[in-house]
Amino acid sequence: MATNDSVKNQIANKTQGSNQVNPNNLGLKQLLSTPTMRKKFEDVLDSKAPQFMSSLLNLYSNDSYLQKAEPMTVVTSALVAATLDLPIDKNLGYAWVVPYGGKAQFQMGYKGFIQLALRTGQYRNINVIEVYEGELQSFNRLTEEMELDFEKKLSDKVIGYTGFFELLNGFRKTVYWSKEDIEKHKKRFSKSDFGWKKDWDAMAKKTVIRNMLNKWGILSIDMQKGIDRENRGPIESINEFDDKDILDADYTEIDDDQQDFNDAQ
């Protein structure tokens, strides 16, 4: 995080003929206040840009783990969510900006996958739910046909998760993953335990619905883009933006006692 002195030095450098700074020398508030970054968000979100940027600052200020990540990776991760028009409020479950190894990375939540699927206009119904002890009566691994009886629930113990979708053309698909299957998948493919520690249930649902859609669903361009961004590392995401090395130095310094991004306008 840039200090007040370093910010002042950067502004001083501009008056001496330089109007560009390295983004790695700026904190998140200063970075979002640069004309370059404002324009990036405005190009994607138009009039919704200030509100989205304000939500990013709120997310950052309330997450001590995210504050340890490089600010530029936080911004680029948020930009991915912005291009998909998904909110980054972690309580909503659509998309997350996750700290990993000192950098931030975009992750889509299971609700984000459902949202992007529905936007295709091809799905009549889509959902993923927990399966409790006693509810699962039978499951055929070959045909993936299953029988659930919600009246036979024995306890609140979750034994697995089932996903379902139906297309407008009548095609239907149901899948079932036991908790053991999800844990094996997590150990094999998860880059970080961060999301799992925060909300194991949400990550399990995401695993089920992402794999179901990948294998059987209709994937929109946005959904393919979201999956691709999740698979990339933070550095690869940063390299997508032409202005990663230099930014316009004309920005408004935001005081610590200001409540949100709108106060800096």
Side-chain angles (χ1 to χ4, degrees), residues 81 84-87 89-96 98 106-231:
L84 299 175
D85 196 17
L86 294 174
D89 184 335
K90 56 187 177 183
N91 295 317
L92 297 178
Y94 289 94
W96 300 314
V98 180
F106 166 80
Q107 279 194 10
M108 196 149 60
Y110 79 92
K111 291 182 181 179
F113 280 99
I114 292 176
Q115 180 64 223
L116 295 184
L118 292 175
R119 288 180 194 171
T120 66
Q122 299 296 317
Y123 291 81
R124 178 175 284 114
N125 192 14
I126 180 171
N127 200 8
V128 57
I129 62 172
E130 306 90 343
V131 177
Y132 295 97
E133 183 181 25
E135 292 181 336
L136 181 63
Q137 303 303 301
S138 65
F139 177 69
N140 187 314
R141 290 193 302 113
L142 178 60
T143 64
E144 294 189 315
E145 294 178 345
M146 66 184 305
E147 180 185 355
L148 291 174
D149 189 338
F150 299 117
E151 299 297 325
K152 294 186 178 180
K153 176 182 175 182
L154 298 177
S155 70
D156 289 332
K157 178 183 178 181
V158 175
I159 63 169
Y161 295 81
T162 182
F164 167 82
F165 73 76
E166 181 181 6
L167 300 179
L168 294 181
N169 63 14
F171 177 75
R172 306 174 73 180
K173 193 63 189 177
T174 301
V175 299
Y176 173 75
W177 288 53
S178 68
K179 287 194 70 173
E180 292 75 18
D181 289 336
I182 292 175
E183 188 63 31
K184 289 178 183 177
H185 187 275
K186 166 184 170 294
K187 290 179 179 179
R188 182 177 180 185
F189 295 106
S190 179
K191 297 178 182 179
S192 168
D193 279 343
F194 184 83
W196 293 92
K197 290 179 179 179
K198 290 285 186 179
D199 195 336
W200 202 97
D201 182 73
M203 292 297 290
K205 289 179 178 179
K206 171 187 170 179
T207 298
V208 172
I209 204 162
R210 170 176 170 160
N211 282 270
M212 179 179 68
L213 291 173
N214 260 336
K215 189 174 182 180
W216 303 102
I218 295 177
L219 301 182
S220 66
I221 298 300
D222 278 349
M223 191 177 297
Q224 295 177 46
K225 185 188 301 182
I227 293 173
D228 177 62
R229 295 306 188 278
E230 276 202 322
N231 292 334

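- With a 4.5 Å cut-off on side-chain heavy atoms, Tyr123 and Ile218 count as touching.
- Lys206 places a side-chain N or O within 3.5 Å of a backbone atom of Met108 that can act as its donor or acceptor partner.
- Considering CZ of Phe139 and CD of Glu145, their distance stands at 10.0 Å, rounded to 0.5 Å.
- For the pair Phe164 and Thr174, the minimum side-chain heavy-atom distance is below 4.5 Å.
- Separating the CE atom in Met203 from the NE2 atom in His185 is a distance of 10.0 Å, to the nearest 0.5 Å.
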* To do: Quick one: do Phe113 and Val128 satisfy side chain to side chain contact (heavy atoms under 4.5 Å, CB included)? Show the steps, please.
  => CA-CA 11 Å; Phe113 280 99; Val128 57; over 6 Å; no
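- Asp228 places no side-chain N or O within donor-acceptor distance of the main-chain N or O of Gln224, the cut-off being under 3.5 Å.
- By the 30° and 60° cut-offs, the orientation of the rings of Phe165 relative to Phe171 is tilted.
- Proximity of Asp85 to Tyr94: side-chain heavy atoms (C-beta onward) are nowhere separated by under 4.5 Å.
- Going from atom NZ of Lys152 over to atom CD of Glu135 covers 11.5 Å, rounded to the nearest 0.5 Å.
- In terms of heavy-atom proximity, Leu86 sits nearest to Arg119 at CD2-NH2, 3.8 Å.
- When all heavy atoms are compared, the tightest approach of Met146 to Leu136 is CE-CD1, 3.6 Å.
- For the pair Trp196 and Ile182, the minimum side-chain heavy-atom distance is below 4.5 Å.
- Pairing each heavy atom of Ile126 with each of Ala117, the nearest pair is CD1-CB, 3.9 Å.
- Two residues are said to be in side-chain contact when any heavy atoms from C-beta on lie closer than 4.5 Å; Asp181 and Thr207 fail this criterion.
- Separation of atoms CE (Met223) and CD (Gln115) is listed at 10.0 Å; rounding is to 0.5 Å.
- Nearest approach of Leu213 to Leu219, heavy atoms of both residues: O-CD2, 3.6 Å.
- Checking side-chain atoms of Gln137 against main-chain N and O of Gly134 turns up a donor-acceptor pair under 3.5 Å.
- In this structure, Lys186 forms no cation-pi arrangement with Trp200, as its terminal cationic atom is not both closer than 6.0 Å to the ring centre and no more than 45° off the ring axis.
- Of all heavy-atom pairs between Met212 and Gly163, the closest is SD-C, 3.5 Å.
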* To do: Quick one: do Ile159 and Tyr176 satisfy side chain to side chain contact (heavy atoms under 4.5 Å, CB included)? Show the steps, please.
  => CA-CA 10 Å; Ile159 63 169; Tyr176 173 75; 3.8 Å; yes
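- By the 4.5 Å heavy-atom criterion applied to side chains, Trp96 and Lys198 are not counted as neighbours.
- Using modelled atom types, one side-chain atom of Lys111 and one backbone atom of Leu92 make a donor-acceptor pair closer than 3.5 Å.
- Here Ile221 contributes atom CD1 and Thr120 contributes atom OG1; the two are 11.5 Å apart, rounded to the nearest 0.5 Å.
- To the nearest 0.5 Å, the span separating OH on Tyr132 from NZ on Lys153 amounts to 5.0 Å.
- The shortest heavy-atom contact between Ala95 and Phe106 is CB-CE1, 3.8 Å.
- In terms of modelled atom types and a separation under 3.5 Å, the side chain of Thr162 and the main chain of Val175 share a donor-acceptor contact.
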